[in-house]
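What's counted below: heavy atoms across the whole structure, side chains too, no hydrogens, waters or symmetry copies. Along the sequence shown, residues are numbered consecutively beginning with 1.
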Amino acid sequence: MDLVIRGARVVDGTGGPSCTADVGVHEGRIAEVGRIRGGGRETLDAHGLVLAPGFVDMHAHSDLALLRDPDHSAKAAQGVTLEVLGQDGLSYAPVDDRTLTGVRAAIAGWNGTGEDIDFDWRDVGGYLDRLDAQGIAVNAAYLVPQGTVRALVVGWGDRPATPAELDRMRALVAEGLAQGAVGMSSGLTYTPGMYASGAELTELCRVVASYRGYYCPHHRSYGHGALGAYAEMVELTREAGCALHLAHATMNFGENQGRAGELLGLLDRALAAGADITLDSYPYTPGCTTLVALLPSWANEGGPEAVLARLRDDGEAERIRYALEVEGADGCHGVPVDWSTIEIAGTTDPAHGALVGTRLPDWETARRLLLDDRLGPSILQHVGHEENVRAIMRHPVHTGGSDGILQGAKPHPRAYGTFPHYLGHYVRELGVLSLEECVAHLSGRPAARLRLPDRGTVRVGHRADLVLFDPLTVAAGSTYERPRALPTGIPHVLIDGRFVMRDGLRTDVLAGRAIRRTPHGGR
């Protein structure tokens, strides 16, 4: 036995009752659970600590951070042992040189400009190979980004795909899935993914279904018409025969206050009819995105350079302002923007650092910042409702996802605090979930969604991806004022039986790897 963990309170990720047990680890897997009489090469006294499966971040934006930052304590210190990348329909594979340039500009607010990254891949398999070759802090799975696929085949314009283009998109999605992606994502309030019709998305979801993957949409609205947007995704995947995982499933803006029950009722009816649906959420009320994402879709058409040209034109800029402030732009979920809810989280140009942490006063300030920072600013959007957050996290198909954007001088604290915030605030302090149920939401259920047969529960033969935490002290250190503060009460994290966190400190171990899922499971 390589390691024997003595006397832990084992919360196994199934939602069942906890028990006190020893856990033995050998050659990266759990070898024994119970009372272990013999010793191992190493012994860890875990009395007073909970031992749980490593947490799965079902919605991460670490696509470049894993390559840029080998330490990656933002996630490792939370007990995260697996992240799902390629979110919201925009990421860096599959691409050609032209598409990569546009994508890098479009999501600089999420991941930085990428000037420090050698983009030596062009397809999904190449990106996953790069993660393995470089060595990464935590495991990573990938979703084929539908918006990137559309940019590669159709471009950044608002028009239907031709039959030949649709065939090419099908082929690219299939290729990405064959190379190991776990499913497909969309960002249906982001260009160019939002230009896809329901029929186009259904055809791509049929491909996803044929590989037993899942569809993960950021659907068309989280504000005005949110329930209709959710219903569209449920019906679309029902027709395609595809599993559905709803990204950062929230009900935001004033008109949706107290309406989480309507969303959950919609999902319950679909589940009762046999649908395969899960969702993720983060345990905070503000959202986080890029400032340019709020603009109406017609203003974003054509890609980043076309957006900048419109912003420079006074007449076009006035049209954008009217759409934002009066009509309710589709990029802002159909709700007229309230600038007092928009907080600047980061810019790519340090010259604008003084604006970070301030609320935008008006459109002209937003316009100037978008131009000066070349669409780079990220924002917090204070439009959520606590009662909705709590209701959604209680649902039995709920999983945890940080939606953590690590870029910017003042990122959302969820990037560094989501998982300990669930355990400390919503379990210990508020009792919204039991400890056993919460751990299942953060480990066993997401692993089941990913169809990873040997992860997500503490079971003999499973990968030794484990987290040990103190249930009395675990808490998010990150706050809106100090968003990069690390959590407390999580002393040990193991991936494949190797310590990536030990005694509360990050080791130099890079135990993560790309998780390539096949139709028969993961590896």
Side-chain angles (χ1 to χ4, degrees), residues 61-65 68-69 88 90-92 99-117 119 147 151 156 187 189-192 286-314 316-321 323-325 329 331-332 337-382 403-412 415 480 483-484:
H61 287 284
S62 304
D63 306 47
L64 299 185
R68 178 183 290 127
D69 177 21
D88 294 331
L90 287 167
S91 190
Y92 305 96
T99 305
L100 177 60
T101 298
V103 168
R104 286 175 60 183
I107 55 175
W110 295 352
N111 298 311
T113 61
E115 292 176 357
D116 54 340
I117 302 293
F119 290 89
W156 295 82
T189 64
Y190 302 129
T191 56
C288 182
T289 187
T290 57
L291 180 58
V292 68
L294 303 185
L295 272 54
S297 56
W298 57 260
N300 273 301
E301 185 179 0
E305 291 304 321
V307 180
L308 290 167
R310 292 186 183 99
L311 289 168
R312 292 186 194 101
D313 183 285
D314 289 344
E316 290 290 277
E318 172 57 21
R319 284 185 65 206
I320 294 170
R321 183 206 65 78
L324 280 167
E325 296 182 352
C332 195
V337 69
D338 176 356
W339 294 113
S340 70
T341 68
I342 307 301
E343 178 183 354
I344 299 299
T347 64
T348 58
D349 185 347
H352 299 293
L355 288 173
V356 172
T358 67
R359 304 290 178 106
L360 281 173
D362 51 35
W363 162 241
E364 280 305 317
T365 305
R367 177 192 178 190
R368 185 173 66 252
L369 184 57
L370 285 166
L371 284 169
D372 291 350
D373 206 47
R374 293 189 59 80
L375 313 183
S378 57
I379 61 169
L380 301 187
Q381 198 167 11
H382 295 268
D403 195 13
I405 294 174
L406 302 170
Q407 182 69 21
K410 194 173 180 287
H412 196 303
Y480 294 101
R484 286 192 169 87

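Between Asn111 atom CG and Ile117 atom CD1 the span is 9.5 Å, to the nearest 0.5 Å. The line from NE2 of His352 to CZ of Arg368 is 8.5 Å long, rounded to the nearest 0.5 Å. Rounded to the nearest 0.5 angstrom, Leu360 CG and Thr358 OG1 are separated by 6.5 Å. With values rounded to the nearest 0.5 angstrom, Arg68 atom CZ is found 4.0 Å from Asp116 atom CG. In this structure, Trp156 CH2 and Thr191 OG1 are separated by 6.0 Å, a value rounded to the nearest 0.5 Å. From Leu406, atom CG reaches atom OG of Ser62 across 5.0 Å, with rounding to the nearest 0.5 Å.
The side-chain heavy atoms of Trp363 and Glu325, taken from C-beta on, include a pair separated by under 4.5 Å. Contact of the Ser378 side chain with the Leu291 side chain is not registered, since no non-hydrogen atoms from C-beta on lie closer than 4.5 Å. Taking 4.5 Å as the limit, some side-chain heavy atom of Leu371 sits within range of a side-chain heavy atom of Arg312. Under the 4.5 Å side-chain criterion, counting only non-hydrogen atoms from C-beta, Pro286 is in contact with His412. The side-chain heavy atoms of Leu355 and Thr347, taken from C-beta on, include no pair separated by under 4.5 Å. When side chains are defined from C-beta on, Leu370 does not count as touching Val307, because their heavy atoms never get closer than 4.5 Å. Side-chain atoms of Asp88 and Asp403, non-hydrogen and from C-beta on, do get closer than 4.5 Å to each other. In this structure, Trp339 and Thr365 have side chains that are not in contact, with every pair of non-hydrogen atoms separated by 4.5 Å or more.
Contact record, Val103 with Ser91: CG1-O, 3.3 Å, taken as the closest heavy-atom pair. Heavy atoms only, all atoms of each residue included: Ile320 and Pro296 are closest at CG2-CD, 4.0 Å. Here the closest heavy-atom approach between residue Ala317 and residue Leu311 is recorded as CB-O, 4.0 Å. Closest non-hydrogen pair, Gly147 versus Leu90, comes out as C-CD2, 4.3 Å. The shortest heavy-atom contact between Ala329 and Leu294 is CB-O, 3.6 Å.
Salt bridge status for Asp314 with Arg367: present, with a side-chain N to carboxylate O gap under 4.0 Å.
Panel note: side chain Asp373, backbone Asp349; a donor-acceptor pair is recorded below 3.5 Å.
Within the structure, salt bridge (Lys or Arg N to Asp or Glu O under 4.0 Å) pairs that include any residue of residues 337-348 comprise Glu343-Lys410 (at least two apart or interchain). Residue pairs meeting the side chain to side chain donor-acceptor pair (under 3.5 Å) criterion with at least one member in residues 287-300, sequence neighbours excluded: Tyr190-Thr289, Ser297-Asp330. Here salt bridge (Lys or Arg N to Asp or Glu O under 4.0 Å) pairs that include residues 297-310, with residues two or more places apart or in two chains, are Glu305-Arg374.
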